[in-house]
Amino acid sequence: MKELVEVIAKALVDSPEEVVVTEKAEGKNITVELHVAQSDMGKVIGKQGRIAKAIRSVVKAASSKDHIKVDVEIV
């Protein structure tokens, strides 16, 4: 899931070299933290959080076949 979030985020931002994705696993729960440049934060979140919600939906759909729960946090 880390790679999926990284590919999506790098496609959205102006500074792809500053995108950092970390993954923390706790049993069947995985937390993916997305760090982007301060100037790109709005591009990743989107108006009313629509882009962030879409990223979470894509990751949830991709993780459902493995029967794991993935939370995406934008830091």
Side-chain angles (χ1 to χ4, degrees):
M1 294 305 124
K2 176 182 173 183
E3 296 82 15
L4 176 62
V5 173
E6 190 171 352
V7 167
I8 293 171
K10 284 186 177 185
L12 292 171
V13 299
D14 290 333
S15 305
E17 65 278 354
E18 293 189 39
V19 172
V20 177
V21 180
T22 57
E23 192 173 72
K24 297 177 185 175
E26 300 167 7
K28 288 203 171 218
N29 294 334
I30 297 175
T31 303
V32 178
E33 292 182 353
L34 173 61
H35 301 268
V36 296
Q38 188 65 33
S39 60
D40 290 329
M41 192 65 75
K43 292 180 179 86
V44 174
I45 295 173
K47 288 186 179 178
Q48 297 179 350
R50 289 185 181 152
I51 303 294
K53 186 176 179 182
I55 293 171
R56 289 182 178 113
S57 296
V58 169
V59 171
K60 183 178 178 182
S63 67
S64 67
K65 70 175 184 175
D66 295 334
H67 304 292
I68 55 174
K69 185 175 185 281
V70 178
D71 294 322
V72 177
E73 294 181 4
I74 301 169
V75 183

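Since the structure is predicted, the reported quantities are computational estimates derived from the model, not experimental observations. Values reported hereafter were calculated over all heavy atoms of this structure, with side chains retained and with hydrogens, waters and symmetry mates removed.
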With a 3.5 Å cut-off and sequence neighbours excluded, list the donor-acceptor pairs that the side chains of residues 7-18 form with protein atoms.
from	atom 1	to	atom 2	distance (Å)
Lys10	NZ	Glu6	OE2	3.2
Asp14	OD2	Lys43	NZ	2.8

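- When all heavy atoms of Glu23 and Lys2 are compared, the pair lying nearest together is OE2-N, 3.3 Å.
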Please list every donor-acceptor pair under 3.5 Å in which a side-chain atom of residues 62-75 meets a protein atom from a residue at least two apart or in another chain.
from	atom 1	to	atom 2	distance (Å)
Ser63	OG	Val59	O	3.2
Ser63	OG	Lys60	O	3.1
Ser64	OG	Ala61	O	2.9
Lys69	NZ	Asp71	OD1	3.1

Quiz item: Given Ile51 and Val44, is the side-chain contact (heavy atoms from CB on, under 4.5 Å) satisfied, shown in steps?
Solution: CA-CA 6 Å; Ile51 303 294; Val44 174; 5.5 Å; no
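- Hydrophobic cluster membership differs between Val32 and Val20, with clusters built from Ile, Leu, Val, Met, Phe, Trp and Tyr side chains linked at under 4.5 angstrom.
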